[in-house]
Amino acid sequence: MEKLQKALQKARESREGQALDARPAVTAARAPVSTEGPWAELAPFTPDPAVLHRHRIFSYIAQKEAAPFDVLRTKVFLAMRQNGWTRLAITSPEQGCGKSTVACNLAFGLSRQTQTRTMLLDLDMRRPGVAALLGCRPQHNMRDMLTGQVSPQDHMLCVNGNLALAMSGGSTADPTDILTARQTGEVLDTLQARYAPHVMIFDLGPMLQTDDARAVLKYVDCALVLAKAEQTRASHLDTCEREVGQLTNVLGVVLNDCRHVEAEADYYYQGEV
Ligand SMILES: Nc1ncnc2c1ncn2[C@@H]1O[C@H](COP(=O)(O)OP(=O)(O)OP(=O)(O)O)[C@@H](O)[C@H]1O
Ligand SMILES: [Mg+2]
């Protein structure tokens, strides 16, 4: 979190080509969720709680298993609000660290804050994971939305009136070209202007295996770096954190699947999930 202090001055202006001040600030956008307007036009989606639970998405309701994710949600939300940030990326050094699981838990946890509008975008276009975790089969891919072949209102689904999901029904072979295109930045800006989300969560691919995640980091305000306990090498985590830090603000490093804290986690959150 020390990096947050250092990052305050360079936060918004540092991102290439982004007029951050034009974006709605988190604090300024805390209006009640409307039953009219662009959010009401999105197709509703009600995930099956059994599917969510099976995929370790616990935070759709307040329950014991959701507690670590709820603490992470609130820490992230407060830090982003304090800094006027709205766009959060989630990445890791290598695949399988739990990025999509954490992204979904953060999104559903935020959606329990009824006054908060949240958007979850699956930008791991090579290996999209969000739709499968939620038991959903989108008709289109993120590629279709980012290239303008399908409109956001026809692509996104909405949970509970305040969580918009932009997912992929299949993989895109070489997404870097799309992710670096000017049009992608414009689509993201349009989403932000039209839906005024308080938080946009970008589920990304791993940093050290392709350059897809790197391409997206220029669009975000901050990032969480995930490591998997007893799997991620310290050297890989170090390299990943450094590279992410060159492109955006590192909000924190989350040690995922850390089994030795389970007993304490009944009552306290120890910083891992
Ligand atoms: N805290 C956890 N405890 C146990 N298993 C977990 C935990 N977090 C994630 N997993 C499991 O690890 C696997 C990978 O999770 P997930 O798909 O979220 O990772 P990912 O980083 O998004 O992977 P990829 O890089 O392939 O997109 C899944 O089977 C998931 O259920
Ligand atoms: Mg994933």
In the structure I gave you, are the side-chain heavy atoms of [X] and [Y] within less than 4.5 Å of one another anywhere?
{"X": "Pro47", "Y": "Tyr60", "result": "no"}
{"X": "Val253", "Y": "Leu237", "result": "yes"}
{"X": "Leu157", "Y": "Cys136", "result": "yes"}
{"X": "Thr184", "Y": "Ile178", "result": "yes"}
{"X": "Arg214", "Y": "Thr176", "result": "no"}
{"X": "Leu121", "Y": "Ile201", "result": "no"}
{"X": "Trp85", "Y": "Leu251", "result": "yes"}
{"X": "Met200", "Y": "Tyr195", "result": "no"}

If we ignore hydrogens and angles and just use 3.5 Å, is the side chain of [X] paired with the main-chain N or O of [Y] as donor and acceptor?
{"X": "Asn141", "Y": "Gly169", "value": "yes"}
{"X": "Asn105", "Y": "Phe58", "value": "yes"}
{"X": "Arg73", "Y": "Gly109", "value": "yes"}

Could you give me the CA-CA distance, side-chain angles and deciding distance for Glu186 and Asp189, then say whether side-chain contact (heavy atoms from CB on, under 4.5 Å) is met? CA-CA 5 Å; Glu186 291 169 356; Asp189 287 345; 5.6 Å; no

Contacts of Ser151 that satisfy side chain to side chain contact (heavy atoms under 4.5 Å, CB included) - sequence neighbours left out: Gln153, Asp154

Do Arg87 and Gln192 have a side chain donor and acceptor closer than 3.5 Å? yes

Between Glu94 and Thr232, do the side chains contain a donor N or O and an acceptor N or O under 3.5 Å apart? yes

Once salt bridge (Lys or Arg N to Asp or Glu O under 4.0 Å) is applied, do any residues pair with [X], and if so which ones, sequence neighbours excluded?
{"X": "Arg242", "result": "Asp238"}
{"X": "Asp211", "result": "none"}
{"X": "Asp122", "result": "none"}

Can you see which heavy atom on [X] is nearest to which on [Y], and at what distance?
{"X": "Thr116", "Y": "Leu110", "result": "CB-O, 4.1 Å"}
{"X": "Ala131", "Y": "Met167", "result": "CA-SD, 3.7 Å"}
{"X": "Gly205", "Y": "Ala213", "result": "O-CB, 3.5 Å"}
{"X": "Ala223", "Y": "Thr248", "result": "CB-CG2, 3.8 Å"}
{"X": "Met145", "Y": "Ala166", "result": "CE-CB, 4.2 Å"}
{"X": "Thr86", "Y": "Met80", "result": "C-CE, 3.4 Å"}

Between the NZ atom in Lys75 and the CG atom in Asp70, the distance rounded to the nearest 0.5 Å is 12.5 Å

Which value, rounded to the nearest 0.5 Å, describes the distance between Leu224 atom CG and Leu72 atom CG? 6.0 Å

Show me the donor-acceptor pairs within less than 3.5 Å that the side chains of residues 95-104 make with the rest of the protein, sequence neighbours left out.
{"unit_1": "Lys99", "atom_1": "NZ", "unit_2": "Ser92", "atom_2": "OG", "d": "3.0"}
{"unit_1": "Ser100", "atom_1": "OG", "unit_2": "Asp203", "atom_2": "OD2", "d": "2.6"}

With sequence neighbours left out, the residues meeting side chain to side chain donor-acceptor pair (under 3.5 Å) with Arg127 are none

Tell me whether Arg194 at atom CZ has more than 12 heavy atoms from other residues, nucleotides or ligands lying less than 6.0 Å away. yes

From the list Ile61, Leu52, Leu120, side chain to side chain contact (heavy atoms under 4.5 Å, CB included) with Phe108 holds only for Leu52

